[in-house]
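Report on the structure given below.
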Amino acid sequence: MHAYRSHNCAALRAENVGESVRLSGWVHRKRDHGGVLFVDLRDHYGITQMVADEDSPALPVLEGLKLESVVTIDGDVKARDAEAVNPNLPTGDIEVFARSVSVQSRAEELPLPVAGEQEYPEDIRIKYRYIDLRRETMHRNIMLRSQVITSLRRRMTEQGFTEFQTPILAASSPEGARDFLVPSRMHPGTFYALPQAPQMFKQLLMVAGFDKYFQIAPCFRDEDLRADRSLEFYQLDFEMSFVTQEDVFNALEPVLAGCFEEFSGGKSVTPAGEFPRIPYKEAMLKYGTDKPDLRNPILISDVSRHFEKSGFGIFEKIVGSGGVVRAIPAPGTNEKSRKFFDEMNSWAQGEGFSGLGYVTRKQGEFGGPIAKNHTPERMQEIYDELGLGENDGLFFAAGKESLAAKLAGAARTRVAEQLELIEQDCFKFCWIVDFPMFEYDEDLKKIDFSHNPFSMPQGEMEALESKDPLDILAWQYDIVCNGYELSSGAIRNHRPDIMYKAFEIAGYSKEDVDTNFSGMIEAFKLGAPPHGGSAPGIDRIVMLLADEPNIREVIAFPMNQKGEDLMMGAPTPVSMKQLRELHIRTVEPPKSA
RNA sequence: GCGGGUGUAGCUCAGUUGGUUAGAGUAUCGGCCUGUCACGCCGAGGGUCGCGGGUUCGAGUCCCGUCACUCGCGCCA
């Protein structure tokens, strides 16, 4: 017989009754009745009940073990009496009578229990992650992650994509997020950068003629964390040659829709080929964000026109000075108290906005100061235009367009949450398309790239030469699911002349481009195919599929919100010897007074 | 950097208007228990109420500061 097990802890059934077996696992729970002791033995696969009584030498050994000790038990499979069958356990028809036990590892008292699904403080969970990962939900999440990655990989391969590896020690690039730097021992004073994404490498693989690339790519960005953001994360990074935006969409939609259908547990998924496409500008208007949650039925409208002349002076003033008024319907709020509306306003102020106006409507009767000053008749015009009914309230976000849109978007989400309008049990995908190529940077008082500088502008060179830069759109697209940005992608700019021109508009010289992007610009001068791709975030995909509120629940060994690994202690100081070898001297920041 | 929330036993939590010696469940330890499956029963140990300061006759409770964790803003290919 095998040294540790003849079966795993989920294997035994009624047909095994009478067999002599050997099982190994963790002591999940114990029920000690004095003369008879039950042990739930757990391994990766499941749980089997072990039983020992006074006839068995295993009894005193098992009695003395703390939970989570690891044991190997020799015993006999016995059928349970009809009334003792446990229908909640796949192995519940049988139990194993323990003849002997050998203790593989004696556990001390645990910092957090494994059995049960109680919530525990996250810092303790992360510090003792190997314990936390034994728990059913975490164990399942990590297995789901593996299965999702396997599925994505298979779907990509079946579409003719080839998996590549690209360097982890790469060159720092001035664009985008802050880099993680790695000092070079061999070249004093110089640094590698961990890739924020394998962006240039995958484009160079296209230049190299590989046609369809993908990778489960680790990415590193030294920015502050969020529930859906980690310092290190993984993307399904892919790139294709000789493609239009349409081809990229057709490649990715079946992969994502198929993967979500496979693991969604019956939740509905936007079918491949039917992902709505929403221009960026429309998204900012109707949803107040470039990552709209389409499960939320509320649509924002611009009602600035109605307030050009209004008894409600604040809005008239805002519109008169170039601002906008956006309306967020709150359907069926006739029964809602004034408190509901006032609390929305104080919430908006708490978020740093000047405030959120509102109109109430109860059985056709308008209420609130805006309706009174603007007059009910003209309010009715707005309601007619928006198609609102006689019991629908309306919130107003007013101000500079970018701020008003942002407030309206946040209010749209909050109203839907408060009114429980967000559709459950579904994954709604959409593309956000037609991102602007450039935007005006208020701080630097100059035009800059709004997203990826390597995207091809729509209209190519002609657009760059003839249009107002702020009107130029890019072949740049995001994929969004339930309000989470899953990926960003683009048809790339593979033409050096267009590249130089685009950078020129953003205020960079030919020399700047040649210096900072020498590898890529050189490559593009030596025969580059048109190409494009995208890179869905794998952690976020698994988070959505696992129905978890944050990304750490689907990462085996996550960092906390301050980027610390509480289990291994990273980041740590290093020895003087190590620093000397790297030609590095540290300077502590001054203690602020 | 900024704002919100949380912080009481190993873990999950309660703790009234500021008032006696800070409680419960669970875990741990001891005892009992031969059919449980969150076994049950009896008992015990276990506390810098995050930390520091203040107000008060008296602070877990009120005030100020600070730390930790977390959510968001800024930031983010």
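A note on names: the letters A, B, ... follow the listed sequences, proteins ahead of strands, and every chain is numbered from 1.
Of the residues listed (A/I538, A/D539, A/L544), the one engaging A/V542 in a side chain to side chain contact (heavy atoms under 4.5 Å, CB included) is A/I538, and it is the only one.
Applying the 4.0 Å criterion to OP1 and OP2 of B/rC37, one finds that A/R42 has every side-chain N and O outside that range. Listed pair A/K562 / B/rA68 meets the phosphate criterion, a side-chain N or O lying under 4.0 Å from OP1 or OP2. The phosphate of B/rC29 (OP1 or OP2) has a side-chain N or O of A/K66 nearer than 4.0 angstrom. Between B/rC39 and A/R29, a contact under 4.0 Å exists linking OP1 or OP2 to a side-chain N or O. Considering only side-chain N and O atoms, A/N452 lies nowhere under 4.0 angstrom from the phosphate OP1 or OP2 of B/rA77.
For the atom pair CE of A/M437 and CG of A/D448, the computed distance is 10.5 Å after rounding to the nearest 0.5 Å. The structure places CG of A/L23 at 8.0 Å from CG of A/D43, a figure rounded to the nearest 0.5 Å.
Among the heavy atoms of the strands lying under 4.0 Å from A/Q118 are primed sugar atoms or P, OP1, OP2 only; no base atom is included. As judged by a 4.0 angstrom heavy-atom cut-off over every strand, A/N88 is placed among residues making no nucleic acid contact.
Using N1 to N3 plus N6-O4 or O6-N4 for Watson-Crick, or N1-O2 and O6-N3 for G-U wobble, each under 3.5 Å, B/rG7 pairs with B/rC67. Across the strands present, B/rG72 finds its partner in B/rC2; the criterion is a Watson-Crick or G-U wobble pair with both atom distances under 3.5 angstrom.
Not less than 6.0 angstrom separates the ring centroid of A/F454 from the ring centroid of A/H494.
Between the side chain of A/E95 and the base of B/rG35, a donor-acceptor pair under 3.5 Å is found. With hydrogens and angles ignored, a donor-acceptor pair closer than 3.5 Å exists between the side chain of A/R229 and the base of B/rC75. Under 3.5 Å, the side chain of A/R31 and the base of B/rU34 form no donor-acceptor pair of N or O atoms. Under 3.5 Å, the side chain of A/D123 and the base of B/rC69 form no donor-acceptor pair of N or O atoms.
You'll find that the side chain of A/R80 is closest to B/rC37, out of B/rC37, B/rU34, B/rC75.
Distance noted for atom P between B/rG60 and B/rC49: 8 Å (whole Å).
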